[in-house]
Amino acid sequence: GGLTAGFLFEKLINRIGGATTDTNGDIGDFSVGTYLTFGHAAAASSMADWFHADLLLIWHRNPAYTAIPFHHYIAEARYRGAEVATIAPDYSPSAMHADYYLGVRPGADAALALSMARVIVDEGLMDEAFVRSQTDLPLLVRGDNGRFLCAADLEEGGRADQFFVWSRAKSAVAPASRERLEANEDAALDGSFAVTLVDGATVEVRPVFALLRAVLAAYAPEDAAPACGVHPDTIRLMARKVASKRTAVLLGFNSAKYYHGDLMERAMCV
């Protein structure tokens with residue numbers, strides 16, 4: 001469809017010596033937040049995998065109208081017991097085929113997502129083993145400049161891309177494993193620690209998760225509800241479902257067209 005036409009157009013212009021810009025940038029179809037979080041703009045399986053989800057969040061998308069050839073995967077997932085929630089300001093054709101409708105205010109998606117994350121953290125519903133091994137949340141961040149603590153900070157000639165965690169067993173900094181992610185399972189997620197740098201200075205370091213927890217402090221459901229337009233009870237209900245089910249976020253290209261849409265997407269990833 002559009003992607004093929006865009007590719008052929010660029011090829012034609014290049015052949016005649018012209019210059020073309022990135023189509024994704026032209027039309028706002030590049031999910032910057034997803035790219036910054038996962039290193040890939042489309043870090044997901046195919047649409048056929050929607051069938052395997054236990055909870056599908058239709059967010060910034062309207063597949064019943066814009067992805068008609070693939071909507072059957074959503075319907076078939078419901079037949080096998082999956083639940084569907086549509087998160088949108090408008091009651092769309094997709095909302096009519098969903099189990100839940102969250103009428104979020106335009107542009108307030110990040111507040112909703114962060115509030116859901118607050119509930120998951122506060123109620124101890126997150127998978128800590130996954131967080132330690134598959135995210136950067138255990139990595140230590142310097143309090144003086146907001147950058148990851150790296151080997152170059154601690155020793156002469158140290159690597160700039162070797163990061164560190166706080167070992168709970170040793171009560172000391174330890175290099176984050178570069179070979180096996182599961183090796184970081186001993187890492188602390190909370191706390192503040194003093195570290196001596198190569199120049200003799202002492203700085204405070206904290207895990208990224210501790211910084212995230214501080215941000216989430218402002219997003220209790222009762223505080224976020226006036227901003228996002230979703231009732232606190234609904235926020236808690238959806239957060240608990242996300243934490244307990246195999247969840248798929250059906251993210252469309254709408255968020256990419258918002259100012260700060262990248263922050264919306266990063267909040268959804270949290």
Check the hydrophobic clustering (I, L, V, M, F, W, Y; side-chain heavy atoms under 4.5 Å; chains of links allowed) and say if W59 and L102 are grouped together. yes
side-chain contact (heavy atoms from CB on, under 4.5 Å) between Y219 and M116, worked out: CA-CA 8 Å; Y219 291 93; M116 290 167 61; over 6 Å; no
Kindly say whether the aromatic ring centers of Y258 and H60 come within a distance under 6.0 Å. yes
Answer yes if I120 and M238 sit in the same cluster of Ile, Leu, Val, Met, Phe, Trp and Tyr residues linked by side chain heavy atoms under 4.5 Å apart, and no otherwise. yes
Without swapping roles, check the side chain of S31 against the backbone of G33 for a donor-acceptor pair under 3.5 Å. no
Between I235 and C228, what is the shortest heavy-atom contact and its length? CD1-SG, 4.1 Å
Heavy-atom side-chain contact between L57 and L55 under 4.5 Å: yes
Give, for atom OG1 of T247 and atom CG of D54, the distance between the pair rounded to the nearest 0.5 Å. 7.5 Å
Indicate if F193 and V141 have the same hydrophobic cluster label, given that clusters are the connected sets of ILVMFWY residues with side-chain heavy-atom separations under 4.5 angstrom. no
Kindly write out the residues that satisfy side-chain contact (heavy atoms from CB on, under 4.5 Å) with E204, not counting sequence neighbours, or none if the list is empty. S192, R206
d(W50 CH2, H72 NE2) to nearest 0.5 Å is 9.5 Å
Hey, what do you get for CG (L251) to SG (C269), rounding to the nearest 0.5 Å? 8.0 Å
Residues A82 and L56: closest non-hydrogen pair is CB-CD1, 4.0 Å
Distance in Å, D122 CG paired with R213 CZ, rounded so as to fall on 0.5 Å steps: 7.0 Å
Rounded distance (nearest 0.5 Å) linking atom OH of Y79 with atom CD1 of I74: 13.5 Å
Under 6.0 Å between ring centres: does that hold for F163 and F148? yes
Look only at the side chain of S94 and the backbone of A64, and say whether a donor-acceptor pair between them is shorter than 3.5 Å. yes
Between the side chain of D153 and the main-chain N/O of L197, is any donor-acceptor distance below 3.5 Å? no
Using modelled atom types and a 3.5 Å cut-off, is there a donor and acceptor pairing between side-chain atoms of R132 and backbone atoms of A187? yes
Does a side-chain heavy-atom distance below 4.5 Å link F209 with V121? yes
Side chain proximity check, V119 to P221, heavy atoms < 4.5 angstrom: yes
Distance alone, cut at 3.5 Å: any donor-acceptor contact between the side chains of S133 and N184? no
Can you tell if the side chain of V195 reaches within under 4.5 Å of the side chain of R142, non-hydrogen atoms only? no
To the nearest 0.5 Å, atom OG1 of T86 lies from atom OH of Y101 at 8.5 Å
Quick one: are M264 and M268 in side-chain contact, heavy atoms under 4.5 Å? yes
I'd like to know if F130 and L212 are part of one continuous hydrophobic network [Ile/Leu/Val/Met/Phe/Trp/Tyr, side-chain heavy atoms within less than 4.5 Å]. no
